[in-house]
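Notes to accompany the following structure.
Predicted model only: the values in this text are computed from it and were never measured. Throughout, numbering of the chain's residues begins at 1 and tracks the sequence.
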Amino acid sequence: MLSFISCVAQNVTPTANKKAPEVQINQVLQAPANASRTLAGLRGKAVVLEFWATWCGGCIEAIPHLNEMAAQFSGKPVVFLSITDENVGVVQAFLQKRQMSGWVGIDADGATFTKYGILARPQTILIDPSGVLRDAVEPRQVTASLIDELIAGKALVKTVVAIKPAVASISSNKGTPPALLQCLIRPAAPAAISGYSPGAVFGKEGGEIAYYGVTAGTLLHYAKNIRFDRMVAPEWFNQNLYDASITVPAGREDLRNLLLEQTLTAAFSLKIKTESRPVSVYVLNGNGNGMHVSSAAPSRGFHPHPGQLSGVATPMGAVIATVERAVGGVEVVDETGLGGYYNFDLHWENGNVDSLRTSLHDQLGLTLTKEIRQRDFLIIENAVQPTTL
């Protein structure tokens with residue numbers, strides 16, 4: 001959870017009526033052959049920039065409305081560009097079944113999502129012909145009059161959704177003071193009502209952390225900081241979706257996980273035991289003589305791609321996370337003892353663990369070996385599906 005909060009705190013959010021961050025996309029579908037993949041190449045045209053995904057219910061619900069807007073403004077100086085960070089094959093298969101009238105951009109490494117501080121989707125960014133970001137709205141709030149103002153390069157009269165980190169209160173009454181402490185779990189609301197796609201998680205220092213459309217197993221994962229593959233639970237525990245929020249007084253973020261665990265225990269009548277079992281893990285060792293210690297301040301100069309990892313002032317934790325993904329999610333234990341921040345560039349044959357091992361050794365001075373270690377498992381002996389009145 002601490003690492004998640006850190007990630008949110010570092011998230012950069014653009015500002016209304018300032019120059020929009022540049023778009024970095026790998027490929028554009030459903031666009032003219034000479035279509036630009038940058039905002040700079042679209043100067044002179046307004047851009048309705050939609051962040052979406054094929055798995056996002058709220059995004060799919062918004063498609064007919066955005067198609068209608070695209071048809072209404074056909075031939076006018078505005079581009080409807082929907083960006084996803086999914087695999088191009090997944091997107092192409094989706095487009096064969098469901099029509100999207102605008103351009104579809106593939107942001108394979110999530111660079112544009114990061115630049116725009118996108119933590120949940122759908123999210124629509126409105127950019128005028130001079131490249132100024134005018135507003136961030138929900139897709140259904142994109143109206144003909146709003147697009148007319150955008151094309152004209154006007155500062156939009158009404159800010160529909162403020163440009164700020166999206167930390168939404170799940171339960172609040174207008175005009176009342178914010179809660180000092182609050183714990184809530186409910187069956188997940190549809191994305192069209194909550195405004196957030198399944199799996200969205202928002203947090204901020206001193207206040208609420210909110211989860212939308214997640215399983216009870218996911219909530220327990222956050223509360224106990226336990227891997228999903230080390231929970232033994234009833235099938236429904238990892239299928240039914242819930243919304244949840246935990247609010248604590250400022251400065252008491254240490255209570256969040258404890259309160260979330262207690263709330264889960266009460267809501268689902270949980271009885272849990274811990275059991276040690278042998279599991280196969282990878283262990284990373286070595287002196288890292290191929291990694292250069294960085295004198296720069298810690299940065300987010302960390303770029304993972306299939307078969308490639310480069311870092312600038314990057315901690316070992318980022319290397320471990322990438323190696324875990326490369327070995328299919330198997331736990332990687334860091335026994336290098338390397339602290340601080342490093343500059344490095346690692347290349348290997350994607351999907352080939354032996355190639356990864358060789359590259360780690362030859363390029364970074366690290367060894368990756370497979371071992372058996374004892375690990376704690378959470379055994380959920382009792383869990384009851386609650387009902388609401």
Side-chain angles (χ1 to χ4, degrees), residues 1-12 24 26 85-87 107-115 201 221-222 224-231 276-378:
M1 184 65 75
L2 289 176
S3 63
F4 165 75
I5 294 169
S6 174
C7 177
V8 172
Q10 292 179 8
N11 203 67
V12 178
Q24 290 179 250
N26 309 84
D85 53 1
E86 297 170 280
N87 179 276
D107 180 25
D109 58 5
T112 302
F113 276 79
T114 299
K115 284 189 174 186
V201 182
H221 154 75
Y222 283 118
K224 300 286 287 184
N225 192 26
I226 184 100
R227 292 170 61 97
F228 288 104
D229 58 0
R230 291 182 189 155
M231 285 189 286
S276 181
R277 297 181 179 181
V279 296
S280 179
V281 302
Y282 284 98
V283 179
L284 194 68
N285 276 295
N287 57 18
N289 56 20
M291 304 170 68
H292 305 287
V293 178
S294 174
S295 59
S299 76
R300 299 182 69 199
F302 170 60
H303 304 287
H305 301 278
Q308 179 183 355
L309 173 65
S310 60
V312 176
T314 300
M316 278 299 297
V319 179
I320 297 297
T322 300
V323 174
E324 282 197 352
R325 287 193 294 272
V327 296
V330 177
E331 179 188 1
V332 175
V333 181
D334 181 11
E335 293 188 352
T336 64
L338 297 173
Y341 300 86
Y342 299 88
N343 301 335
F344 55 85
D345 193 18
L346 177 68
H347 298 261
W348 71 96
E349 181 184 340
N350 186 42
N352 187 327
V353 176
D354 288 335
S355 172
L356 175 63
R357 280 195 181 111
T358 300
S359 297
L360 284 167
H361 180 271
D362 295 348
Q363 298 172 32
L364 301 189
L366 302 173
T367 60
L368 185 69
T369 57
K370 206 164 192 179
E371 299 183 15
I372 300 296
R373 297 285 178 93
Q374 290 292 128
R375 288 293 181 263
D376 286 341
F377 280 69
L378 287 186

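Scanning both residues, Ser355 and Glu349, for their nearest heavy atoms gives OG-N, 2.8 Å. Across all non-hydrogen atoms, the minimal contact from Asp229 to Phe377 is O-CE2, 3.5 Å.
Of the possible donor and acceptor atoms, none in the side chain of Glu335 sits under 3.5 Å from a partner among the backbone N and O of Asn285. Side-chain atoms of His221 come within 3.5 Å of backbone N or O of Ile226 as a donor-acceptor pair. For the pair Thr336 (side chain) and Gly286 (backbone), a donor-acceptor distance under 3.5 Å is absent. Under a 3.5 Å cut-off, the side chain of Ser359 and the backbone N or O of His347 do form a donor-acceptor pair.
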Step-by-step salt bridge (Lys or Arg N to Asp or Glu O under 4.0 Å) determination, Glu331 to Arg373: CA-CA 10 Å; Glu331 179 188 1; Arg373 297 285 178 93; over 6 Å; no
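Atom CD1 of Ile372 is separated from atom OG of Ser280 by 4.5 Å, given to the nearest 0.5 angstrom. Residue Phe344 holds its CZ atom at 5.0 Å from OG1 of Thr314, rounded to the nearest 0.5 Å. Rounding to the nearest 0.5 Å places CH2 of Trp348 at 5.5 Å from CG of Leu309. The CZ atom of Arg277 sits 14.5 Å away from atom CZ of Arg375, with the distance rounded to the nearest 0.5 Å. Rounding to the nearest 0.5 Å gives a distance of 10.0 Å between CG of Asp85 and OG1 of Thr112.
Remark: of the listed residues Arg230, Arg227, Lys224, Lys224 is the sole one forming a side-chain contact (heavy atoms from CB on, under 4.5 Å) with Leu378.
Put simply, the side chain of Leu360 reaches to within 4.5 Å of the side chain of Leu284, judged on heavy atoms. The shortest side-chain heavy-atom distance between Tyr342 and Val319 does not fall under the 4.5 Å cut-off. The closest side-chain heavy-atom distance from Tyr282 to Val353 is below 4.5 Å. Proximity of Leu366 to Leu338: side-chain heavy atoms (C-beta onward) are separated by under 4.5 Å at one or more points. At a threshold of 4.5 Å between non-hydrogen side-chain atoms, the residues Lys370 and Arg357 count as touching. For the pair Asp345 and Gln308, the minimum side-chain heavy-atom distance is below 4.5 Å.
His361 NE2: 12 or fewer foreign heavy atoms inside a 6.0 Å radius.
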